[in-house]
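The next block holds one structure in the form of structure tokens; read it before the comments.
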Amino acid sequence: MSGPMALEPGGPERDTLALRLAGERVPAPRGSDRHTLALVRPGHDVRRDAVDRLAAELADRVAPAVHPYEVAALLESEGLTGEVIADRYGHRDLFSLATALYERVPRTFPDPPRPADPWRPDHVRCALRGALFALPGLAYALAGRLLPAEGTVRALVVAGLLSWAWNQALGHRTYARLATGRREAGRTLAKGVPVGAVAATAAGLALAGSGASALAVAVQSGYLAAAGVLLVLGRERLLLAALAPVIAGASALPWWEPGDVLRAGLPLLSLLGAVAAAGWALRGALATAPAADPARPHPLGSLPYGLFGLAAGSLVFLAGRHHPWAVVVLTLSMGPAEWLLYRYRGLSVAALRATATPAGFRVRSAAVLAGCLLAYLGPLLPAALLVDADPVTLLLLAAVLWTSLLLQAFGVAWTPALLCLAAAAGAGTVVLAGLPPGPATALALCCAVAALCLAGCVLRLLGRPAAHA
């Protein structure tokens with residue numbers, strides 16, 4: 001350290017002290033203006049000046065101290081001896097000098113470094129996942145005209161709803177097993193994926209019969225099963241590569257007629273690519289070391305997630321009966337929705353650090369919820385108008401889906417599952433029975449009630465600091 005503390009008694013500092021006591025002109029001490037000279041008269045308190053200079057030099061390190069003992073420890077670490085303290089600074093011991101410094105330097109406590117956001121989202125991954133949810137729809141644009149109209153749509157919808165429900169429950173169970181190791185997650189997928197694919201295919205075949213419709217049901221169920229594996233294991237880029245044939249063929253439709261062989265062959269090629277990629281990902285997961293004591297979550301713990309998948313699929317299907325493009329808009333919005341789930345958690349943690357009372361946190365938590373909902377629903381309004389969909393129904397359904405996913409992210413599963421099932425059952429009853437006030441109005445009313453209930457649950461359950469600890 002530079003300055004007087006680094007000099008021993010009897011060195012140049014003692015010579016300077018003697019000159020000052022004699023009234024000689026000597027250079028000003030370090031820290032003062034280099035272009036001035038200090039004239040010290042006999043009787044001037046040089047030791048007090050030395051203490052002042054020491055306080056100025058150590059101000060940044062003394063200011064955060066909460067007790068003179070901390071300053072004493074600092075001085076001791078600098079190597080000050082009792083002789084130096086008495087001769088240079090005029091204090092009887094280390095603690096006396098520490099007290100003097102403590103009194104001279106005002107208390108200042110620097111802000112702690114701002115911690116990194118533990119919930120910072122991966123922007124590219126969220127955008128890619130949103131695209132991957134919608135891109136498989138291009139297969140219907142390619143092969144749709146090859147399928148018979150009678151019974152095909154119904155069979156595809158039933159098989160798709162079962163796939164959604166099964167994959168939602170299986171995904172939750174896999175994520176729970178993933179906490180203990182990738183091998184355990186891989187084993188869960190390896191056992192559950194074939195069961196879901198076969199069950200969905202069988203349900204669709206019961207309505208589709210045989211022929212092209214049966215093949216379409218099998219292709220759809222197989223692809224959804226393989227895609228679920230890749231999405232859960234974080235292999236989004238592999239899934240995008242598998243969809244390359246469908247993307248290329250559908251992109252060329254405005255300028256080129258591929259023919260029936262390519263229209264049917266490109267979706268099959270994407271299916272084979274997705275299945276191969278899923279098998280490769282599963283093989284890598286199963287090759288990892290097993291966990292020492294793998295936890296086995298109860299199977300019923302994933303049941304509400306499966307019921308939510310069934311209810312959400314039903315609501316989306318009802319919304320797309322008369323406005324198919326609404327389904328496309330909702331599907332594409334799942335990427336931003338996932339991104340906003342991360343942002344909600346990050347903003348909630350920041351609000352928790354910025355408030356000191358539970359009431360203050362509840363206010364901030366409500367503001368965070370409102371901001372995230374506006375950020376999610378805002379872009380959907382012009383999108384709904386662009387595709388000529390009912391904007392009110394679309395926004396209400398989107399609010400139901402996002403708040404449900406938010407509650408599920410915090411482990412609250414039964415509430416959104418039951419509310420979404422009730423909304424789907426109410427709207428579906430009106431549609432099937434032809435009751436007033438009509439399908440669109442009934443769906444909007446059911447979604448409005450569910451959205452209000454879900455928002456209230458979010459404010460009550462997630463407005464507590466303990467939920468974010």
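Just so it is clear, the model here is predicted, and its values are computed rather than measured.
- Side-chain atoms of F308 and L419, non-hydrogen and from C-beta on, never get closer than 4.5 Å to each other.
- Here the side chains of V328 and V387 are not in contact, with every heavy-atom distance at 4.5 Å or above.
- Closest non-hydrogen pair, W255 versus S251, comes out as CZ3-O, 2.9 Å.
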Go through the steps for R61 and E78 under the test side chain to side chain contact (heavy atoms under 4.5 Å, CB included), then give the verdict. CA-CA 12 Å; R61 301 163 67 183; E78 295 293 337; 3.1 Å; yes
Kindly list each side-chain donor-acceptor pair under 3.5 angstrom involving residues 458-466, sequence neighbours excluded, with atom names and distances?
residue	atom	partner	partner atom	Å
R464	NE	L461	O	3.3

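- Applying the ring-ring contact (aromatic ring centres under 6.0 Å, His included) definition to pairs two or more places apart or across chains, those involving residues 138-187 are H172-Y305.
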Assess whether side chain to side chain contact (heavy atoms under 4.5 Å, CB included) is satisfied between L406 and Y344, documenting all intermediate values. CA-CA 9 Å; L406 177 61; Y344 176 89; 3.4 Å; yes
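- More than 12 heavy atoms of other shown residues, nucleotides or ligands fall within 6.0 angstrom of atom CD in E70.
- When each of T331, L239, L243, V246 is paired with L135, the side chain to side chain contact (heavy atoms under 4.5 Å, CB included) condition holds for L243 and for no other.
- The heavy-atom pair separating A203 from V158 by the smallest distance is CB-CG1, 4.1 Å.
- A383 and V329 make their closest contact through CB-CG1, 3.9 Å (heavy atoms, listed as atom of the first residue, atom of the second, distance).
- Side chains of L341 and W402 form a contact here, defined as non-hydrogen atoms less than 4.5 Å apart.
- A heavy-atom distance below 4.5 Å is found between the side chains of V400 and C420.
- Each side-chain hydrogen bond (donor to acceptor under 3.5 Å, both in side chains) pair with one or both residues in residues 261-288, not counting sequence neighbours, appears once here: E257-R263.
- Atom CD1 of I247 is separated from atom CG of L142 by 11.0 Å, given to the nearest 0.5 angstrom.
- Between F410 atom CZ and S348 atom OG the span is 5.5 Å, to the nearest 0.5 Å.
- Side-chain atoms of R235 never come within 3.5 Å of backbone atoms of A277 as a donor-acceptor pair (strictly under, hydrogens ignored).
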Output side-chain donor-acceptor pairs under 3.5 Å for residues 427-456, partner residues at least two apart or in another chain, one line each.
residue	atom	partner	partner atom	Å
T429	OG1	A425	O	2.7

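- Within the 3.5 Å criterion, the main-chain N or O of Y69 finds a donor-acceptor partner in the side chain of H67.
- Relative orientation of the H468 and F361 rings is perpendicular, given thresholds of 30° and 60° on the angle between their planes.
- Although no hydrogens or angles enter the test, the distance criterion places no donor-acceptor pair under 3.5 Å between the side chain of R182 and the main chain of T180.
- The salt bridge (charged side-chain N to carboxylate O under 4.0 Å, His left out) search around D60 returns none, not counting sequence neighbours.
- Nearest heavy-atom pair, T201 versus S221, reported as atom, atom and distance to 0.1 Å: OG1-CB, 3.2 Å.
- Between atom CG of residue L394 and atom CG of residue L330 there is a gap of 4.5 Å, rounded to the nearest 0.5 Å.
- The backbone N or O of G335 sits nowhere less than 3.5 Å from a side-chain atom of R129 that would complete a donor-acceptor pair.
- Closest approach of E236 and L132 over heavy atoms only: O-CD1, 3.5 Å.
- Legend: residues meeting side-chain contact (heavy atoms from CB on, under 4.5 Å) with A127, ordered by chain and number and at least two apart, are absent.
- Contact of the L128 side chain with the R237 side chain is registered, since non-hydrogen atoms from C-beta on lie closer than 4.5 Å.
- Of the possible donor and acceptor atoms, none in the side chain of Y223 sits under 3.5 Å from a partner among the backbone N and O of L272.
- Between the side chain of T393 and the backbone N or O of D390, no donor-acceptor pair lies under 3.5 Å.
- When side chains are defined from C-beta on, R364 does not count as touching L347, because their heavy atoms never get closer than 4.5 Å.
- The two residues L377 and A398 come nearest to each other via the heavy atoms CD2-CB, 3.7 Å.
- Put simply, the side chain of V412 does not reach to within 4.5 Å of the side chain of C457, judged on heavy atoms.
- In this structure, CG in L286 is found 8.5 Å from CZ in R187, a value given to the nearest 0.5 Å.
- Ion pairing between a basic and an acidic side chain is recognised when a charged N comes within 4.0 Å of a carboxylate O; E338 and R343 show no such pairing.
- Distance CG/L178 to OG1/T188: 9.5 Å, rounded to 0.5 Å.
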Any chance you could lay out the side chain to side chain contact (heavy atoms under 4.5 Å, CB included) test for Q408 and Q168, step after step, and finish with the verdict? CA-CA 11 Å; Q408 287 183 352; Q168 195 81 2; 4.1 Å; yes
V368 vs C372, side chain to side chain contact (heavy atoms under 4.5 Å, CB included): CA-CA, chis, key distance, verdict: CA-CA 6 Å; V368 170; C372 289; 4.3 Å; yes
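- Summarising the geometry, atom CG belonging to L75 is positioned 5.5 Å from atom CG belonging to L101; distances are rounded to the nearest 0.5 Å.
- The side-chain heavy atoms of L318 and R321, taken from C-beta on, include a pair separated by under 4.5 Å.
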